Amino acid sequence: MIVPEKNTDKLDKDVKGPLETPQLDFIRAIIEEDIKAGKHDGRVHTRFPPEPNGYLHIGHAKAICIDFGVAADYGGKCNLRMDDSNPAKESMEFVEAIEEDIRWLGFDWEDRLYFASDYYEQLYEYAEQLVKKGKAYVDDLSAAEIREYRGTLTKPGRESRYRNRSVEENLDLFQRMRAGEFPDGSKVLRAKIDMASGNLNMRDPIMYRILRAKHYRRGNTWCIYPTYDFTHGQSDSIEGITHSLCSLEFEDHRPLYDWYLDQLGIYHPQQIEFARLNLSHTVLSKRLLKQLVDEGHVSGWDDPRMPTLSGMRRRGYTPEAIRDFCDRIGVAKRDSLVNIALLQHCLREDLNKRTQRVMAVLHPLRVVIDNYPEGKVEELDAANNPEDESMGSRKIPFSGTIYIEREDFREDPPKKFFRLAPGREVRLKHAYYITCDRVMKDQRTGEIVELHCTYDPESRGGWTSDGRKVMGTLHWVSAEHAVNAEVRFYDHLFVKEDPFDLKEGEDFKHYLNPNSLEVLSDCKVESTLAEAKPGSRYQFLRQGYFCVDSDSIEQRLVFNRTVSLRDTWAKIEKAQQ
RNA sequence: UGGGGCGUCGUCAAGUGGUAAGACUCAGGACUUUGGAUCCUGCAUCGGAGGUUCGAAUCCUCCCGCCCCAGCCA
């Protein structure tokens, strides 16, 4: 058979093209160029530089995945550095929490945990160098004056009357600042750059302030502290960082970092900025999250509704799901608001693979099987994961009285409802077919209190050989064997996709979801869960993924719903209304 | 009105002059002892207007919109 040449050409092209050249985000593209050009001798060394003043959230996870991921991709290293230049807000508690969260996420900084506070002496020396070069001066202006002198976005600033002190005087004053001769806030060290610059960061930025605060690592050895801007760039330089990856808001700071590095004549890393993550239905800001904690809108930093890594961990998220999410959202420079549905998709996909199926009835409705032999109990086989035989199976007890889900029964079933209803037959997962004969109600309230059914002994295991079609399959739990449990349901923290899309005078808390937490205390779970340990994850058949909460104690199981299963029926039902 | 960025499907996001990848969502359908999972199918002319070119999301010009910056926070 002769194949026209044109076609083969086309085929060739189609098959090769995109498959052979994996797409690079713009950061990796730059790095590959740098490597090709022999910049930094082809070395790649990044860092993740948090300030230990709060807990890490999913936005940090994005940065962590980029910083550590890029290094890993190019055989480089990634440091963990605490950017601690503000003693008033930082603590060891946060350092430890940060380390724990990053480890949990699955990244390793080996022996490279650094602290900007370890560079204080070096930084001070750098500052003196700038003073000696006439590039920095001690200013006596008050904070208010400095602000006023800075000018505005459209008006240039004015030079301080202290700007032209002699090098000798500046050096003397700066040394005495360090020696503690001046009260807090009375003087600052400033870089002498350009008070008329369009970039406000270049209008003689402050390098050092006098601050008598006990530092969580340095104690009281310092009474002057470098500002972040005078700390960050040089810290990267000291560590030999090749690519300083950070978020967009530091783009205007880059010229300043470059200026310091150039004036000092020290090693010069390359800063590249990317857009930080915004997630729908939540907020990603340490300040705002702290506010939610402090005002009691959530139970703490690790409340399972929080987008913090500790909250997500407690809720049942896996590091794998979070990393997959970070891969999928990509890296770019434009502001975006990623829908939380994508995060949940990644979660479900991971949990679906790894999680054992069990049965739990959240809103129990008692069902008596009239023709089941009195007192009989059977042990039935139940696969732990129908998609993964290696996960094995377990035995679950079946008896004449069981619980099913209240919403799995309707007296007047709507169209397409193929669960239990009077006269209807359904399958009990792993067990038998049952048919509903009678509905028992509370005389006064009319509430359904119990169902009476009959079962088909031939359908053991949930199947018959007569080819009967049974559409509905229900989960259930044997009444006498069931274990009580509390189950906590979580929903979006905010009802609005973008909590910052506010009308005049509205606070972001205006859109807090009043129903973000729902607690069910009378749930019935299968007996195999009696010994379940905190942190263990399951799929409750037909309902979702659940995780044993740290509040769980013996005899009192507490589950968190990590995420629901996709619910097609809910959509159908909603569409019917 | 200053400086720095950014504008491609509902949401993310590829594309770097050769005729719009992919993912999520959504809508159909297949399959199913989880109405789960899985599998098919469908869904954008690229902020706007001009221009250059045989050909532009990609180049030029102008315009519009959004984000960040006036902490001795980071």
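Within every chain, numbering begins at 1; the chains are lettered A, B, ... in the order of the sequence lines, protein sequences first and strands thereafter. Values below: all heavy atoms of this structure, side chains included; hydrogens, waters and symmetry mates excluded. All values derive from a computational prediction rather than experimental measurement.
The base of B:G36 sits within donor-acceptor range of the side chain of A:E387, with an N or O pair under 3.5 Å.
At the heavy-atom level, A:I572 lies under 4.0 Å from base atoms of the strands shown. Among the protein residues, A:R419 comes within range of the nucleic acid bases, having at least one heavy atom under 4.0 Å from a base atom. The residue A:R203 sits apart from the nucleic acid: no heavy atom pair falls under 4.0 Å. Across all strands, A:S285 comes closer than 4.0 Å to no nucleic acid atom at all (heavy-atom distances). Nucleic acid contact class of A:Q539 (heavy atoms, under 4.0 Å, all strands): base. Within 4.0 Å of A:F540, counting heavy atoms only, lies no atom of the nucleic acid at all. At a threshold of 4.0 angstrom between heavy atoms, the contacts of A:F250 include nucleobase atoms, whether or not backbone atoms are also involved. If you check every strand for non-hydrogen atoms under 4.0 Å, A:V426 touches nothing. Here A:Y208 lies out of heavy-atom contact (under 4.0 Å) with every strand. Looking at heavy-atom distances under 4.0 Å, A:K571 makes contact with sugar-phosphate atoms alone, never a base. Nucleic acid contact for A:L153: base, since at least one base atom lies under 4.0 Å from a heavy atom of the residue.
Put simply, the side chain of A:I224 does not reach to within 4.5 Å of the side chain of A:L189, judged on heavy atoms. Side-chain contact check for A:I30 versus A:Q270: some heavy-atom pair is nearer than 4.5 Å.
Side-chain N/O atoms of A:Q344 and A:Y317 include no donor and acceptor closer than 3.5 Å. Inspection of the A:H253 and A:Q271 side chains reveals no N or O donor paired with an N or O acceptor under 3.5 Å. Of the N and O atoms on the side chains of A:D466 and A:T464, at least one donor lies less than 3.5 Å from an acceptor on the other residue.
Considering only the side chain of A:T154, B:G2 comes nearest among B:G35, B:G2, B:U33. Considering only side-chain atoms of A:N199, the nucleotide from B:G36, B:G3, B:U33 that sits closest is B:G3. For A:S336, taking side-chain heavy atoms from C-beta onward, the closest of the listed nucleotides B:A13, B:G35, B:U34 is B:A13. In the set B:A13, B:G35, B:G36, the nucleotide with an atom closest to the side chain of A:R334 is B:A13. Distance from the side chain of A:A341 is smallest for B:U25 among the nucleotides B:U25, B:C12, B:C69. In this structure, the nucleotide among B:G3, B:C12, B:U33 sitting nearest to the side chain of A:V338 is B:C12. Side-chain proximity of A:N86 to the nucleotides B:A70, B:C73, B:U1 is greatest for B:C73. You'll find that the side chain of A:R328 is closest to B:C24, out of B:C24, B:A74, B:G35. When each of B:G5, B:G36, B:C24 is scored by its nearest atom to the side-chain atoms of A:E251, the top-ranked nucleotide is B:G5. Listed nucleotides B:U34, B:G5, B:C72 differ in distance to A:R542; the shortest reach to its side chain belongs to B:U34.
For the C1' atom pair drawn from B:C59 and B:U53, the interatomic distance equals 10 Å after rounding to whole Å.
Each ring pair (Phe, Tyr, Trp, His ring centres under 6.0 Å) pair with one or both residues in residues 181-214 of chain A, not counting sequence neighbours, appears once here: A:F174-A:Y208, A:Y208-A:F230.
Using the six-membered ring where Trp is involved, A:Y257 and A:H232 have ring planes that are tilted, between 30° and 60° apart.
Stacking of A:R178 on the aromatic ring of A:Y124 is recorded, both the 6.0 Å distance cut-off and the 45° axial limit being met.
Along RNA chain B, the nucleotide nearest to A:R209 and the one nearest to A:N385 differ in position, and the one closer to the 5' end is contacted by A:N385. Residues A:I210 and A:A431 both approach RNA chain B. Their nearest nucleotides, taken by heavy-atom distance, put A:A431 toward the 5′ side.
Nucleotide B:G65 forms a Watson-Crick or G-U wobble pair with B:C6, both donor-acceptor distances falling under 3.5 Å. Remark: B:U19 base-pairs with no nucleotide in the shown strands. Criterion, Watson-Crick or G-U wobble with two distances under 3.5 Å. The pairing partner recorded for B:A14 is none, the criterion being a Watson-Crick or G-U wobble arrangement whose two distances lie under 3.5 angstrom. Pair check for B:A27 finds B:U41; Watson-Crick or G-U wobble, both atom distances under 3.5 Å.
Using a 4.0 Å cut-off on heavy atoms, the residues of residues 462-471 of chain A that approach RNA chain B are A:G462, A:W463, listed by number.
Residues that satisfy the side-chain contact (heavy atoms from CB on, under 4.5 Å) test with A:R217, not counting sequence neighbours, are A:D84, A:F115, A:S117, A:D118, A:H215.
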